[in-house]
Amino acid sequence: MTDIEELQETIKRLHGVDSTHVESIPVKETFKGQTVWDGLVEIFTLHGHPKAERLYAWTHETDDPKKPKRHVTVLHIHPITSAVEAVRAAIVQEYREQEPES
């Protein structure tokens, strides 16, 4: 199974709709001169989603041997209107999930 097919299965499972792959866009995100993310963002058209016509998705490796890959999906809904913004939103979300609760 290809990465695109894996992402399409993830989209179907998480968002309940079929999708068509549109294109791949390279994104490199830096913070304070350090690369925090560098990879391809896959863009999909969604078929029948109630809120979004597009979705950004990618796969990245994890440190967990039980789940060596993580699939990320971000809907194209304001304020997310580009692959770069989708990556930034995912980075912020991941950072928040790792912060200890105060």
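It should be emphasised that the depicted structure is a prediction, and the values quoted were computed from it without experimental measurement.
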For this session: Show your working on side-chain hydrogen bond (donor to acceptor under 3.5 Å, both in side chains) between His71 and Glu6 and close with a plain yes or no.
Result: CA-CA 8 Å; His71 298 92; Glu6 283 183 19; 3.0 Å; yes

Let me have the donor-acceptor pairs involving side chains of residues 53-60, under 3.5 Å, with sequence neighbours excluded, atom names and distances please.
from, atom 1, to, atom 2, distance (Å)
Tyr56, OH, His76, ND1, 2.6
Tyr56, OH, Thr81, O, 3.4
Tyr56, OH, Ser82, N, 3.4

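- Nearest heavy-atom pair, Leu75 versus Ala52, reported as atom, atom and distance to 0.1 Å: CD2-CB, 4.0 Å.
- Distance check: His15 NE2 to Phe44 CZ gives 11.0 Å after rounding to the nearest 0.5 Å.
- A donor-acceptor pair under 3.5 Å links the side-chain atoms of Thr2 to the main chain of Glu5, judged by distance alone.
- Within a 6.0 Å sphere centred on CD of Glu97, other residues, nucleotides and ligands contribute more than 12 heavy atoms.
- Contact of the Val72 side chain with the Arg70 side chain is registered, since non-hydrogen atoms from C-beta on lie closer than 4.5 Å.
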Problem set entry | side chain to side chain contact (heavy atoms under 4.5 Å, CB included) between Asp3 and Lys69, intermediate numbers included | CA-CA 11 Å; Asp3 285 346; Lys69 278 194 212 179; 3.5 Å; yes

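- In summary, the side chains of His21 and Gln8 do not present any donor paired with an acceptor at a separation below 3.5 Å, with no hydrogens or angles considered.
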For this session: Evaluate the side-chain hydrogen bond (donor to acceptor under 3.5 Å, both in side chains) criterion for residues Ser19 and His47: first the C-alpha distance (whole Å), next the side-chain angles of each, then the deciding distance (0.1 Å), finally the verdict.
Result: CA-CA 6 Å; Ser19 60; His47 306 291; over 6 Å; no

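- Ion pairing of Arg88 with Glu29 is present here, as a side-chain N (NZ or NE/NH1/NH2) and a carboxylate O approach within less than 4.0 Å.
- With contacts defined as side-chain heavy-atom distances shorter than 4.5 Å, the pair Thr10/Thr73 qualifies.
- Summarising the local packing, CD of Glu61 is surrounded by 12 or fewer heavy atoms from other residues, nucleotides or ligands at distances under 6.0 Å.
- Interatomic distance, CD of Glu23 versus CD of Glu42, reported as 9.5 Å (0.5 Å rounding).
- Contact record, Trp37 with Val41: CH2-CG2, 3.8 Å, taken as the closest heavy-atom pair.
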For this session: May I have the step-by-step check of side chain to side chain contact (heavy atoms under 4.5 Å, CB included) for Ile11 and Arg13, ending in yes or no?
Result: CA-CA 5 Å; Ile11 293 165; Arg13 184 173 41 83; over 6 Å; no

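- The shortest heavy-atom contact between Lys28 and Thr35 is CE-OG1, 3.1 Å.
- In this structure, Ile80 is a member of the same hydrophobic cluster as Val22, with clusters built from ILVMFWY side-chain heavy atoms closer than 4.5 Å.
- Leu7 and Val27 end up in different hydrophobic clusters when Ile, Leu, Val, Met, Phe, Trp and Tyr side chains are linked at under 4.5 Å.
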For this session: Give the intermediate values and the outcome of side chain to side chain contact (heavy atoms under 4.5 Å, CB included) for residues Leu40 and Ile25.
Result: CA-CA 5 Å; Leu40 281 179; Ile25 297 183; 6.0 Å; no

